[in-house]
Amino acid sequence: MSPHGNRNFSMVTFQEFLLAGSEGGLQTQVLLFALFLALYMVAVLGNLTMMVVITLDARLHSPMYFFLKNLSFLDLCYSSVIAPKALATFLSSSKLITFTGCAIRLFFFSLMGTTQGVLLAAMAYDRFVAICSPLRYPISMRPSVCARLMLGTYCGGCLNSILQASFTFSLPFCSSNHIDHFFCDVPPCSGLPVATQPSMSCSRLASVGSSLWV
């Protein structure tokens, strides 16, 4: 028997989604806008300051600060994937986002989040080598090794985000296009499709695998 029993769902292709998580009264919208704007400005200024200081100060040109600068860059991109669209939505009467826009934002949100997690693991390895093998540290963590580690973090994040986005948006959708969130994330988006058990299991597995990877 079908996991959905005798219920009938109309399979449709949506061109737009409604971000229901950003709905509310005018005062609520203004409050959320001010809060998100303040947090976003702090994130932008803090990360840009970190990147500029590390770049200009020659004393900070070491593997640890190299990874910190990349972490600041990823955090800046991570915030920029969500905040600008959320800020525009709070002050707009239309809470709609296109299917393509939602898929692109979910891809980059997953990319930046997963890459940050893998980068933290690389930073932990850097500190492990510095503490346990201080004499070999300059050779073990030479610039070429650091560059390969960063390349590996981006490749791992890109692979995971491709799997997440493709599994989530390849499933057929039912008659609802409401996303109960203020941006496109995996859990609220994966709750919209009506799919067979194997397909939904693959989507859930990709999401769980991402969490374990990070």
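Keep in mind the model is a prediction, meaning the values are calculated, not measured.
For S166 (side chain) and L163 (main-chain N/O), a donor-acceptor pair under 3.5 Å exists by modelled atom type.
Linking ILVMFWY residues whenever their side-chain heavy atoms come closer than 4.5 Å, directly or via other members, places V145 and Y65 in the same cluster. Placement of V42 and L76 in two distinct hydrophobic clusters is found when ILVMFWY residues are connected by side-chain heavy-atom separations under 4.5 Å, directly or transitively. Residues M64 and F128 share a single hydrophobic cluster, defined by chaining ILVMFWY side chains whose heavy atoms lie under 4.5 Å apart. Under the 4.5 Å side-chain contact rule for hydrophobic residues, M112 and I162 share a cluster.
A distance of 9.5 Å separates CZ in F67 from CZ in R127, rounded to the nearest 0.5 Å. With rounding to the nearest 0.5 Å, the separation of OG1 in T114 from OH in Y78 is 9.0 Å. Between the OG atom of S72 and the CD1 atom of I54 there is a distance of 5.5 Å, given to the nearest 0.5 Å. Q164 CD to F109 CZ: the interatomic distance, rounded to the nearest 0.5 Å, is 9.0 Å. In this structure, the separation between OG on S133 and CD1 on I139 is 11.0 Å, given to the nearest 0.5 Å.
Residues that satisfy the side-chain contact (heavy atoms from CB on, under 4.5 Å) test with S140, not counting sequence neighbours, are V129, R136. In terms of the side chain to side chain donor-acceptor pair (under 3.5 Å) criterion, residue partners of R142 (sequence neighbours excluded) are, by chain and number, S144. Shown here are the side-chain contact (heavy atoms from CB on, under 4.5 Å) partners of V53, two or more places apart in sequence or in another chain: T49, L60. By the side-chain contact (heavy atoms from CB on, under 4.5 Å) test, F66 is found to be paired with N70, C146, M150, residues two or more places apart in sequence or in another chain being considered. Considering only residues two or more places apart in sequence or on other chains, L120 meets the side-chain contact (heavy atoms from CB on, under 4.5 Å) condition with L71, M123. Here R148 pairs with nothing under the side chain to side chain donor-acceptor pair (under 3.5 Å) rule; sequence neighbours left out. With sequence neighbours excluded, the residues forming a side chain to side chain donor-acceptor pair (under 3.5 Å) with D126 are Y137, listed by chain and number. The ring-ring contact (aromatic ring centres under 6.0 Å, His included) test applied to F107 returns no partner, not counting sequence neighbours.
If you chain together ILVMFWY residues whose side-chain heavy atoms come under 4.5 Å of each other, V52 ends up grouped with L56. Summarising the hydrophobic clusters (Ile, Leu, Val, Met, Phe, Trp, Tyr; side-chain heavy atoms under 4.5 Å, direct or chained), the residues clustered with L39 are L35.
When all heavy atoms of L111 and T115 are compared, the pair lying nearest together is O-OG1, 2.6 Å. Here the closest heavy-atom approach between residue L87 and residue L37 is recorded as CD2-N, 3.6 Å. Closest approach of P63 to M141, counting heavy atoms only: CG-O, 3.4 Å.
Counting heavy atoms from C-beta outward, S110 and N160 have side chains that approach closer than 4.5 Å. Counting only heavy atoms from C-beta outward, the side chains of C155 and L159 never approach each other to under 4.5 Å. Taking 4.5 Å as the limit, every side-chain heavy atom of Q27 sits out of range of all side-chain heavy atoms of L31. Counting heavy atoms from C-beta on, the side chains of Y154 and C158 never come closer than 4.5 Å.
The stretch residues 38-47 participates, sequence neighbours left out, in these side-chain hydrogen bond (donor to acceptor under 3.5 Å, both in side chains) pairs: Y40-S80, N47-D75. Residue pairs meeting the salt bridge (charged side-chain N to carboxylate O under 4.0 Å, His left out) criterion with at least one member in residues 41-70, sequence neighbours excluded, are D57-R59.
For CZ of F33, the number of neighbouring non-hydrogen atoms (other residues, nucleotides, ligands) closer than 6.0 Å is greater than 12.
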